[in-house]
Amino acid sequence: MFEKMIREQTAKQAEQLEAWLSKRESEQTFPDDVELIENIDYMGDGEKSHMLDIYRPKNASGVRPALINIHGGGFLLGSKEVNRLFCADMCRRGFVVACLEYPLVPSVTV
């Protein structure tokens, strides 16, 4: 019963998050000076929860510091797309950013 309740609540929250992301994407534009390479399979298994995005300045040369961004959500909610504008901003400040996805509860146990 508890597991069913968790699944129902996380599904509801995931729907709300997707609606918020869609609204935000329509209201805010992604910066033109940032290159985004999406959905790199870091585990080699094709799972959506094992993908990462790389953000890098389009016209930058030379070595750049790296930043790894992992979204929050208490292992229950969230996605790498939530931090898309934050990662782009960090990229504009000179970083190359890797933002990764990871499996969420209840698909996995913590």
Side-chain angles (χ1 to χ4, degrees):
M1 182 170 145
F2 182 69
E3 184 177 335
K4 180 182 178 195
M5 182 177 74
I6 295 253
R7 286 184 190 277
E8 289 172 355
Q9 184 60 33
T10 55
K12 180 180 176 182
Q13 289 174 327
E15 287 176 16
Q16 292 170 340
L17 178 64
E18 287 300 318
W20 176 81
L21 278 172
S22 178
K23 183 177 186 288
R24 185 188 69 175
E25 291 292 320
S26 70
E27 295 173 349
Q28 299 178 350
T29 58
F30 191 82
D32 290 335
D33 56 347
V34 174
E35 179 182 11
L36 172 58
I37 304 164
E38 296 181 272
N39 298 318
I40 300 166
D41 187 350
Y42 68 85
M43 292 290 288
D45 59 8
E47 291 289 326
K48 182 183 182 304
S49 62
H50 295 150
M51 300 290 171
L52 69 86
D53 296 343
I54 301 289
Y55 298 76
R56 63 183 183 191
K58 279 188 178 174
N59 297 318
S61 61
V63 176
R64 297 271 171 206
L67 186 137
I68 299 172
N69 180 264
I70 303 171
H71 70 82
F75 298 102
L76 293 170
L77 184 66
S79 71
K80 61 184 172 57
E81 288 78 20
V82 170
N83 293 347
R84 185 179 304 262
L85 295 175
F86 169 76
C87 292
D89 185 54
M90 291 295 101
C91 180
R92 295 177 92 189
R93 294 169 189 260
F95 291 90
V96 172
V97 182
C99 184
L100 62 97
E101 193 65 74
Y102 57 89
L104 301 174
V105 172
S107 298
V108 296
T109 57
V110 178

Measure across V97 and C91 and return the closest heavy-atom pair with its distance rounded to 0.1 Å. CG2-N, 4.1 Å
Who passes side chain to side chain donor-acceptor pair (under 3.5 Å) against E38, sequence neighbours left out? R84
Closest heavy-atom pair, G94 versus P65, reported as atoms and distance to 0.1 Å, is O-CD, 3.6 Å
Same cluster or not: are V96 and L52 linked, directly or through other Ile, Leu, Val, Met, Phe, Trp or Tyr residues, by side-chain heavy atoms under 4.5 angstrom apart? yes
Decide whether F86 and V34 are clustered together by the hydrophobic rule: side chain heavy atoms of Ile, Leu, Val, Met, Phe, Trp, Tyr closer than 4.5 Å, transitively. yes
Among residues at least two apart in sequence or on other chains, which ones pass ring-ring contact (aromatic ring centres under 6.0 Å, His included) with F75? Y102
Going from SG on C99 to CD1 on I40, what distance comes out if it is rounded to the nearest 0.5 angstrom? 11.5 Å
Return the set of residues passing side chain to side chain donor-acceptor pair (under 3.5 Å) with D32 (not counting sequence neighbours), or none when no residue passes. none
Any side-chain heavy atom of K80 sitting closer than 4.5 Å to one from N39? yes
Qualifying residues under side-chain contact (heavy atoms from CB on, under 4.5 Å), relative to P103, sequence neighbours excluded: S49, H50, V108
Using the test side chain to side chain donor-acceptor pair (under 3.5 Å), find all partners of E35 that sit at least two apart in sequence or belong to another chain. R56
Answer with yes or no whether the hydrophobic clustering places L67 together with Y55; edges join I, L, V, M, F, W, Y residues whose side-chain heavy atoms lie under 4.5 Å apart. yes
Closest non-hydrogen atom pair, G78 against H71: C-CE1, 3.4 Å
Heavy atoms, side chains only, cut-off 4.5 Å: are I68 and L100 in contact? yes
Residues which pass side chain to side chain donor-acceptor pair (under 3.5 Å) with R64, listed by chain and number, not counting sequence neighbours: none
Closest approach of E101 and K48, non-hydrogen atoms and distance? CG-O, 3.6 Å
Examine F95 and I37 and state if one hydrophobic cluster contains both, with Ile, Leu, Val, Met, Phe, Trp and Tyr joined whenever side-chain heavy atoms are less than 4.5 Å apart. no
Are the side chains of N69 and M90 in contact, using a 4.5 Å heavy-atom criterion? no
Strictly distance-based, threshold 3.5 Å: is any side-chain N or O of D41 a donor or acceptor partner for the main-chain N or O of D45? yes
Consider only side-chain heavy atoms of I, L, V, M, F, W and Y, link residues closer than 4.5 Å, and tell whether I70 and L104 are in one cluster. yes
Show the numbers, then the answer: is there a salt bridge (charged side-chain N to carboxylate O under 4.0 Å, His left out) between E8 and K4? CA-CA 6 Å; E8 289 172 355; K4 180 182 178 195; 3.8 Å; yes
